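Each chain gets a letter, A, B and so on, in the order its sequence line appears, and its residues count up from 1. Here the structure is a predicted model, which means the values were calculated and not measured.
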Amino acid sequence: MIEKISVLVMLVVLVVSYAYFIQKGKGPNPAQIRRIPALDAVDEAVARAVEMERPVLCIPGWGRILDLEMFPESMAGISTLNYVARLTARYGAELISTIRFPAMLPYAEDTVEQAYIAEGKRDEFKRSEMVRYITSDQVPYYTHVMGLVARERPAASIMIGYFSGGVMQICEPGRSVGSLQIGGCASNVAILPYFIITCDYVLMSEEVYAAGAYLTKDPEMMAGTVCGDVNKLIAIILLLIGTLFAYVRNDLLFELLRM
Amino acid sequence: MSGKKGLGAFFDWLDKMDKRYLYLVVWFFVILSNIVFLPFPIVPSPTTQTSINYINSLPEGSRVIYSCAFRISSWWSDKPATMLVLNHCFMNNLKVIMVSFEPDGPSMLDEALTEIMEQWPDKKYGEDIIHFGFFPGFEAAMAAFAGDINTLTTTDYYGNTWKDMPIMEGINGGKDCQLIVDKTWWIADYIVRQFAAPYGVPVIYWGGASYAIRALPYFSAGLVEGIFFGFYGLAEYESIMKMPGIGVKYLNTVNWGFLYIVILIVLGNLAYIHEKLAGRGE
Amino acid sequence: MDLINSFGLWLGTFFILAVLSYVYKENVFYRFGEYSFVSISLAVQAVSSYKSIIGTCITPMSVGRYVMIIPFFLGLALFLRYYRKLAFIPRWSIALMTGVGSGLAIRGLIDTNFVQQIIAAIAPIPSLTPYEIALNTLVLFMTVSIIAYFLFLFEQRGILYPIARIGRWSMMIFFGATLGSTLLIGLPFNDLLRRILQTFGITL
Amino acid sequence: MSILRDRRLNDIIVFIIAVIIIASYIIVWAPLRTFTSEASAWGSVIAGFTMFVGAISAAVYHVNKVIRREEDWWLNAYFVAMLFIMFFLGIGGVGTKQAYNFIFTNIYRQIGTATSALGGLFLISAFYRSFRLQNIEAGIVIVSAVIVGFTFATVAGSMSPLIKPMGIWLLTYPTMAAMRGIMMCIAIGAVAISLRVVLGMERGLRPIEEDVTQ
């Protein structure tokens with residue numbers, strides 16, 4: 001006996017559209033992600049740091065890697081760190097990134113090192129300076145970063161990834177030292193209000209998942225981000241038609257979806 | 001113009017003031033809130049009332065899972081909440097199955113269990129209440145506990161075989177229970193995904209206020225029977241059950257604290273408007 | 001007996017003041033309290049997982065559930081990651097956890113957070129009063145505009161620009177409500193105040 | 001032997017387990033549901049071991065600091081000592097339960113309450129500096145925050161009986177509608193990325209020698 005057919009249908013639609021966009025990605029004109037202003041501001045932020053000769057602070061979130069809820073955002077944070085590292089290598093700005101969980105450290109060090117190698121600046125890569133493991137306990141972690149922001153006075157802080165309590169204690173000093181702040185968090189939407197009232201640019205929940213694909217232009221990651229649009233369009237159509245049906249007291253679609 | 005300078009100087013002083021004075025003011029408000037009591041009529045929110053009505057609608061002898069996923073830092077408010085739920089269940093002769101999905105849980109539930117057994121001498125362990133302790137793995141543990149407790153364990157927290165206990169007759173997993181009250185630090189998605197959606201177990205979610213707001217779409221979709229809004233839920237639950245405790249007593253601190261915040265927000269915006277006007281003036 | 005209790009009260013008050021001293025300046029007392037907190041929390045974590053391993057593996061095996069020997073050894077294998085030659089074995093344990101985690105997440109997310117939400121949004125409306133219709137249309141339009149905002153294939157131009165703008169403003173209402181519900185300042189202080197006063201024999 | 005080392009074996013394990021668990025949701029067949037419960041129980045057992053590994057790797061980190069006599073090394077020594085004392089008290093059975101509860105209640109609980117009180121303080125300075133009507137969006141956030149704040153802070157009820165119903169209406173309809181939209185998009189985004197993990201296409205998970213604890 002089969003139940004929850006609509007869940008099966010939605011899953012099949014997602015897998016099929018994912019396969020379609022991967023094939024399209026290999027073709028002549030791969031799917032492009034629309035402009036995300038907050039991510040275009042990353043270049044502007046690093047350029048500002050070079051001009052003001054002050055460091056760039058890039059925090060790839062303080063989520064776990066092995067926790068499936070935080071994994072997508074932590075990966076987006078690592079891709080953003082890779083992109084920022086390439087810019088700081090290319091323009092010679094000073095990069096600082098702080099890490100909370102030990103499991104994230106090898107990913108962060110690896111991605112920054114590869115960025116500097118890709119820009120031909122392997123000798124400028126200073127591991128312990130650029131990627132700093134603080135502690136995995138939350139309060140001491142953000143207390144340390146609070147002090148770091150006050151001492152180093154970063155010209156730009158890019159905070160994209162999984163965040164939880166303590167964000168205000170970092171964004172608030174960042175604002176007072178005049179740093180251009182870009183903040184983004186996906187599943188923990190309770191944190192977004194703090195980014196909105198303190199940061200210059202904010203990435204709203206699902207845009208964080210798109211950050212990795214948008215910055216690295218990797219066709220596979222692009223496919224993963226764009227394939228969700230088919231389900232969203234189906235959802236919009238179902239919502240509009242379903243509501244019209246509800247207004248004429250016809251619950252055909254309602255019963256169909258509940259099968 | 002001198003008035004403006006006075007106002008401007010005040011805002012500059014406020015901006016440059018050491019923020020730790022603002023912290024001292026919090027202590028002042030906390031002490032004040034234990035002396036001066038503001039008039040505060042507790043009007044229960046619909047979601048709180050629905051939750052209590054649902055518990056009262058359960059027939060006698062129904063099995064209620066009390067699933068807790070919080071840490072020691074919030075035990076000062078979670079213990080009264082736990083005692084309230086246990087008392088409410090015992091009043092309606094419901095049987096409680098306690099389980100924790102956070103490592104701090106077992107010792108705290110053990111403390112609550114000893115206290116409730118003193119308050120209700122006629123209730124017996126193994127017949128009216130059982131304590132399963134902690135299972136790691138969070139969502140995986142919830143899935144296993146909901147589907148079939150035999151896959152997870154054969155004993156309760158104290159080492160007794162749970163199959164022999166009268167409370168667990170005809171119960172193989174969470175799916176056979178009539179209600180699950182989730183008191184947690186986390187979002188409602190996990191409990192809804194592992195208990196409500198696959199097995200239709202009714203859920204009452206009790207998380208922090210902001211996570212409770214995040215759970216409203218579940219309430220409107222009927223996946224969650226009721227929601228308690230964090231600390232406010234505790235105050236409303238206590239006032240409805242006529243068992244005043246920490247919730248009602250500390251609500252006065254919430255009110256004083258909130259007035260303090262409104263003052264800060266108003267001052268902050270006045271400083272901002274003044275800064276804008278002064279900027280435009282130059 | 002009350003000697004131990006009063007010693008416990010004084011010990012607790014010392015640690016409360018040690019932690020709160022951070023507000024003045026980060027100092028050695030705060031660090032002492034912080035190290036105690038982290039070490040005890042790790043110990044409690046280890047005790048709880050030790051007891052859960054006994055409850056979920058050892059006792060069931062002693063009464064005949066021998067299959068639990070497999071997860072037991074997969075768990076022990078996690079200690080092999082220090083040993084390079086056998087480091088590939090712990091990856092099976094992680095693969096099992098990842099498989100379980102992603103399976104549970106995928107099936108759950110699509111059902112409770114997607115399909116069930118569509119069903120709830122188009123549920124039949126009992127009394128079709130103008131107020132109900134207006135309200136339902138408002139709810140529908142806010143939800144649809146937010147989904148439109150998160151479409152990545154289409155630039156936010158033309159008809160999509162105003163819709164996406166309204167979607168963004170609708171989200172602001174949610175973010176504001178979330179912020180508004182967390183304005184609980186000073187609450188835990190009551191418990192600390194009561195505890196400190198209790199040490200000096202005053203009950204609030 | 002080399003097949004056992006092959007990384008693709010991990011991807012196959014992840015794929016098979018995930019597909020069966022998803023299938024058990026849709027096909028109502030007892031063996032599939034038993035597999036899901038069994039696999040979840042195994043996942044729970046392994047997660048228990050990872051917490052153990054976490055405690056040990058933290059102890060190793062602090063012992064190294066003691067051996068190298070780094071700054072404040074006595075605090076690291078105290079850390080390791082308290083970790084082992086508390087652990088052996090915890091598993092010591094009935095005899096040591098009273099000592100364990102003593103430390104749990106008088107030290108652990110009090111520091112926990114103090115740190116949560118400390119966390120609340122940091123928000124205060126931010127309310128003054130950041131809660132400003134800079135643009136329309138910040139304005140909507142602040143107005144909505146104050147209305148909902150007044151809904152919960154019951155003193156508002158005594159000011160005017162209208163505030164609570166207005167707040168409840170704001171929560172029940174607009175806020176719920178907004179969260180529904182956000183929730184649907186996060187679900188699709190997260191499932192798309194989880195699909196990449198299940199299909200073994202997520203290069204991010206290529207195992208660098210990572211610490212498996214967190």
Side-chain angles (χ1 to χ4, degrees), chain B residues 14-15 19 22-23 25-26 38-43 45-46 71-76 103-104 107 111 135-144 146-148 151-152 173 198 209 213-214 216-217 219-220 229 232 235 251 254-262 264-265 267-269 271-273, chain D residues 21 25 33-34 36-51 100-101 104-105 108-109 111-113 115-116 119-121 123-125 127-134 142 145-146 148-158 161 164 168 171-172 175-177 179-180 183:
Chain B
L14 212 53
D15 264 350
K19 61 180 184 298
L22 296 178
Y23 300 161
V25 174
V26 171
L38 297 168
F40 51 87
I42 295 181
V43 176
S45 325
R71 305 295 289 268
I72 192 72
S73 310
S74 61
W75 186 232
W76 62 273
D104 294 357
S107 309
E111 183 186 330
F135 297 114
F138 212 66
E139 192 165 7
M142 288 176 188
D148 182 1
T151 60
L152 259 183
I213 290 175
R214 183 193 163 108
L216 284 170
F219 182 66
S220 117
F229 278 79
Y232 311 107
L251 203 56
V254 172
N255 286 315
W256 278 107
F258 184 71
L259 289 179
Y260 174 46
I261 289 164
V262 171
L264 281 179
I265 293 172
L267 278 178
N269 280 288
Y272 179 67
I273 293 161
Chain D
I21 287 178
Y25 200 64
R33 303 231 152 163
T34 329
T36 302
S37 297
E38 197 71 44
S40 304
W42 291 18
S44 165
V45 166
I46 295 170
F49 278 96
T50 60
M51 294 169 99
Y100 179 83
N101 284 342
F104 192 88
T105 314
Y108 189 44
R109 173 179 170 176
I111 301 177
T113 313
T115 39
S116 73
L121 282 187
L123 283 173
I124 291 166
S125 58
F127 282 127
Y128 171 67
R129 287 207 180 86
S130 325
F131 245 58
R132 302 196 173 178
L133 301 157
Q134 288 133 325
I142 290 164
V146 171
V148 168
F150 267 117
T151 310
F152 288 127
T154 50
V155 69
S158 58
K164 178 101 184 181
I168 296 292
L171 284 175
T172 315
T175 307
M176 187 278 295
M179 184 58 209
R180 174 171 283 162
M183 180 184 267

Euclidean distance, D:Ile111 CD1 relative to B:Ile72 CD1, rounded to 0.5 Å: 10.5 Å

Mutual orientation of the aromatic rings belonging to D:Phe152 and B:Tyr232 [parallel < 30°, tilted 30-60°, perpendicular > 60°]: parallel

Side chain, backbone, both or neither of B:Tyr260 within contact of chain D (heavy atoms, under 4.5 Å): side chain

Taking every non-hydrogen atom, the tightest pair across B:Pro217 and D:Arg180: CG-N, 3.8 Å

Distance, nearest 0.5 Å, that separates CG of B:Asn255 from CZ of D:Phe150: 9.5 Å

Portion of B:Ile261 that has a non-hydrogen atom of chain D nearer than 4.5 angstrom: side chain

Distance in Å, D:Phe104 CZ paired with B:Asp104 CG, rounded so as to fall on 0.5 Å steps: 5.0 Å

Side chain, backbone, both or neither of D:Met183 within contact of chain B (heavy atoms, under 4.5 Å): side chain

Contact summary for D:Ile142 and B:Ile265, nearest pair of heavy atoms: CG2-CG2, 4.5 Å

Structural part of B:Ile273 lying under 4.5 Å from a heavy atom of chain D: neither

Non-hydrogen atoms of D:Ser44 and B:Pro136 that approach each other most closely: OG-O, 2.7 Å

Nearest-0.5 Å distance, CD1 of residue D:Ile168 to OG of residue B:Ser45: 4.5 Å

Closest-packed option against chain D by number of heavy-atom pairs under 4.5 Å, given B:Ala235, B:Pro198, B:Pro103: B:Pro198

Structural part of D:Phe49 lying under 4.5 Å from a heavy atom of chain B: neither

B:Val262, part contacting chain D, at a heavy-atom distance under 4.5 Å: side chain

For B:Ala146, side-chain contact (heavy atoms from CB on, under 4.5 Å) partners two or more places apart: B:Phe195, B:Tyr199

Per-residue contact mode, B:Leu152 against chain D (heavy atom under 4.5 angstrom): both

Value rounded to 0.5 Å, distance of CZ in B:Phe229 from OG1 in D:Thr151: 10.0 Å

Closest approach of B:Ile213 to D:Val148 (non-hydrogen atoms, all atoms of both residues): CD1-CG1, 4.4 Å

Taking every non-hydrogen atom, the tightest pair across D:Ala47 and B:Gly137: CB-CA, 3.4 Å

Main-chain N/O of B:Ala141 paired to D:Ser40 side chain as donor or acceptor, under 3.5 Å: no

B:Asp148 side chain vs D:Thr34 backbone, donor-acceptor pair below 3.5 Å: no

Distance (rounded to the nearest 0.5 Å) between D:Thr113 OG1 and B:Trp75 CH2: 11.5 Å

Taking every non-hydrogen atom, the tightest pair across B:Arg71 and D:Tyr108: NH2-OH, 4.3 Å

